[in-house]
Amino acid sequence: MTTYKIVKKLDDKYNASEIEKRCIDFWEKDKTYQFDKTALRENTYVVDTPPPTVSGSLHIGHIMSYTQTDVTVRYQRMKGKSIFYPIGWDDNGLPTERRVQNYFNITCNPDLAYDPNFHPIHNPKGDEKRREVSRKNFIEACEVLTKEDEKAFEDVFRRIGYSYDWSLKYTTISPESIRISQESFLDLAEKGMVYSAESPTMWDVTLQSAVAQAEIEDRKIDGFFHEIRFEVEGESDYLKIATTRPEFLPACIAVVAHPNDVRYQKYFGKKAIVPLFDIPVPIIPSEHAEMDKGTGIMMVCTFGDAADVGFWRGSGLPIKQILGMDGRILKSEDERYPYESLNSEKATLYYKQITGLKVKDARIKIVDLLRESGDLLSNPIAIEHPVKFYEKGTLPLEFITNRQWFIKILDYKKELIEAGQKIKWFPEYMQKRYETWVEGLNQEWCISRQRFFGVPFPIWYKLDKKGEINYKEPIFARKEQLPVDPMSDVPNGYTEDMRGCPDGFIGEKDIMDTWATSSVTPQIALAHAPKGHHLSLPFDVRPQAHDIIRTWAFYTIMKALANEGKIPWKEAHISGFVLDPERKKMSKSKGNVMTPMPLLEEYSSDAVRYWGARAKLGIDLIFKKEVMDQGKKLTIKLFNAARFVYTMVQNAGLEKTIDYRKNITHPLDKSWISKLKETVESSVKAFEINDSSFALEITEKCFWDFCDNYLEIVKGRAYVKEGNSAVSCLMWSIDTFCKLFAPFLPFITEEIYQTRPWGIEEKSIHKMLFPSSAEYEDFSEDISLYEKTVSLVEMVRKKKAEEKHSLRTPVVALTISGNQKTLELLKKAIKDIENVLNVKENSIVFEPHSEELFITNCVLGENEKNLTNN
RNA sequence: GGGCGUGUAGCUCAGGUGGUUAGAGCGUUACGUUGACAUCGUAAAGGUCAGAGGUUCGAGUCCUCUUACGCCCACCA
């Protein structure tokens, strides 16, 4: 067995960093947290740990939620369960990609061949042009950089004592993870749930990639209503059409009004003329238009917003694409306005003035032109309106038509909601959030991204005789081929020299949405488990924060359901955020993030864990250092209380026998054990409903009661030879508190447990069984003796405080009033009471006159200070 | 517009099946240290439990409404 340390004795002074070092070393050598694959499933607790994104650093929000999970896991371990608690690093995705580009001054060109001689070097200056490298080289560069971050993350997680089995560590960009992600995709392809299509896609022009519904957010931005004059063919009057996006005039395909709108009914079937460009477009009745909004009549362009896309889908009208992938107005090949116009010359003249401009500039230009031509009916009206953004983007999303891969989800809403109902959510109301999200889904999951650092699609396309791509019949990789990179691997039946040639093939350049990989974390974790394990879905728990219910939780449920027909986990534990003192979410851009390492140094790991563990699941927490102070104080108090009790145990010559608890015979001690029993019972109850913060709260309360009252009251008895009952009771209490606190404060409790005065080697406390109230049953007695004694002590203390005397001031005369029963009870602890109050032996008078317990006469003697002063 | 959550001491938060006088930490004030602990102890002050109504012998807790704040979703001419 691994030795905890050579000198098995508590230090004289509490030293957090020494204790932390000893414990980390001990747990490592002892393999305390190793997963035991031989345990039965019902004796195993399986966790789908969130792999943190390794770009930048961990912040205090991680610490709160990861601590809450570790506490739960440690409790389960102390229930005797084998724990499958892996840790992974999410190094796959955009944040890493951006960071790597800047750090090495490189950029990825997936068309390039792999260069085995390329080694990335730190080059932040970026004086020279960014070097283009192949996708494989780029991924290698990502791995170089993420390794450093992962080291720093691991240091923090080890230091704070998260009980991962580090041998289960995975990364989301590893070949194994890529394999699993691709396999999941191929499985869905077989099931007919994936397809590629060319259609209007939400497009981030800065990122130059498609994004999915889950990654977009609304932001209120300033804009203008422009009221524009549209003439009607064959009519003398004109239409007044309001739009926020006049730059899309040349892409206008129709004008629509509500079918019941009497103002416009007479125009239906006629054509409106788009100003400047003289484009005749049909005036169509459509429910898309609302009578009471604006002028009640609107123009439809391809595409100004999601409503335009919706209308276009049902209209059968052709798309007029004027916006390029770079967010600029397209130049047509012959530099003419490329669509139908009554006056092509004029249309071209105007169109030329906006080609190549960014949408915002094009808008300004068009407004100027409308003003000049007299088609702007009023000055633009300033408004604030919600616009869709990519959550990490800076410019509004555009709808641009291109080819993307999708996973069908809209047909499965019912099943997805039912799966959500089978999962127990903590707190419960988080299930509602999941349901709201699923109900509100209106797009299939677009999983292709025009990026580089991620999981490639296991797909190639055939080229025909002319070298044109056949998208209709993609070549899927075979499962035994995985993982594949279609840009360097070759599909079955082809050779590398056929790549890009007529009658040959070409690889799919795009990569998958990072969530396509994150959504299979349970499967990835299992792939990293020791051979011969018997685990499968569902896991026991998924801990995560509430902001990613619509992404991580949703996609994981969706994949588990589609791939395996199962729910991924039985429970979801949803944590909140840490807010700064102004109640703002901590974020890098606001500069208000706190990193954990300095706090661990300042307060100790146990104290920081205390802070995280006190927060309730799901609640957003305002960061308060004072709570860490409280944790630090508690830790030191535990240390000192244990040190004192251990000295008593040594003095009493108490031996470790199974039966030392049998020494506990004194009524007051047994009464205290009742109190302890109650706390154990409530603590277990709280843990069982995943309310560990409550368990901590009541344990702490009981512990301070122990220190302030019980320990003080029996101190005198513990010093004398016949004090074995008290000493045994103190010892058992310390043992109990250590176990109750162990999930929260793993370091100090291990230190105290390992330095027990028996001198016998012990297993880690974290492998011991959590206390159960039944163990205390036989040693407990009516709790009221303890409670009455404490209230009596408090009364006398208060009297001494009121008279500004020291607590050691002798009491010359004391009369206690109360009912007969109470007084008889108190007499059982008379020696302890005399001692703690410093009353002369046999001088307490009992008066059985009143119902309530109180002191009718309390005369204090002179204390030493007063004597010297006089 | 729909939904969810929150409102308790100066601050940050607990208050479980409704049950004495509503709790903790920090902060404030007073006192205290010779035998675990000054990274300390004992005590005090501090509350119309957001507001109104209802159920009940009894409501911080249950119901209805109002109000303030936060979040999620939707709308986006």
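We name chains A, B, ... by the order of the sequence lines, and we start the count at 1 in each one. Since the structure is predicted, the reported quantities are computational estimates derived from the model, not experimental observations. The figures that follow rest on heavy atoms only: side chains count, while hydrogens, waters and symmetry mates do not.
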When you compare [N] with [M], how far apart are their [atom1] atoms, in angstrom units rounded to a whole number?
N      : M      : atom1 : result
G54(B) : G18(B) : C1'   : 15 Å
A24(B) : U66(B) : C1'   : 32 Å
A52(B) : A74(B) : P     : 38 Å
C62(B) : G19(B) : C1'   : 14 Å

Send over the distance from [X] [atom1] to [N] [atom2], rounded to a whole Å.
X       : N      : atom1 : atom2 : value
L860(A) : G32(B) : CG    : C1'   : 14 Å
F399(A) : A77(B) : CZ    : P     : 13 Å
L621(A) : C13(B) : CG    : P     : 6 Å

For [X], which contact category applies under a 4.0 Å heavy-atom criterion: base, sugar-phosphate, or nothing?
X       : value
I549(A) : nothing
F623(A) : nothing
A242(A) : sugar-phosphate
R614(A) : nothing
K715(A) : base
K637(A) : base
A306(A) : nothing

Flag side-chain contact, heavy atom, 4.5 Å: T302(A) against F399(A): no

Check: R245(A) and R363(A) side chains under 4.5 Å, non-hydrogen atoms: yes

ring-ring contact (aromatic ring centres under 6.0 Å, His included) evaluation trace for H258(A) with Y264(A): CA-CA 8 Å; H258(A) 196 274; Y264(A) 303 112; over 10 Å; no

Considering only [options], which nucleotide approaches the side chain of [X] most closely?
X       : options                : answer
I622(A) : A36(B), A77(B), C13(B) : C13(B)
M298(A) : A36(B), A14(B), A77(B) : A77(B)
L711(A) : A36(B), C11(B), A77(B) : A36(B)
A801(A) : U42(B), U12(B), A77(B) : U42(B)
R808(A) : A36(B), G35(B), A77(B) : G35(B)
A307(A) : A36(B), C76(B), A30(B) : C76(B)

Minimal non-hydrogen separation, I284(A) against A254(A), with atom names: CD1-CB, 3.9 Å

ring-ring contact (aromatic ring centres under 6.0 Å, His included) assessment of W611(A) paired with Y603(A): CA-CA 10 Å; W611(A) 163 83; Y603(A) 291 95; over 10 Å; no

Validation row, ring centre F747(A) to ring centre Y610(A) under 6.0 Å: no

RNA chain B stem ranges, 3 or more consecutive Watson-Crick or G-U pairs under 3.5 angstrom: B:1-7 with B:67-73, B:10-13 with B:23-26, B:28-32 with B:40-44, B:50-54 with B:62-66

Residues K715(A), E712(A); criterion salt bridge (charged side-chain N to carboxylate O under 4.0 Å, His left out); working and verdict: CA-CA 5 Å; K715(A) 208 183 231 178; E712(A) 290 299 332; 3.4 Å; yes

Presence of salt bridge, D735(A) and R756(A), under 4.0 angstrom: yes

Nucleotides 70-75 of chain B: protein proximity per nucleotide (B base, S sugar-phosphate only, - neither; heavy atom, under 4.0 Å): -SSSSB

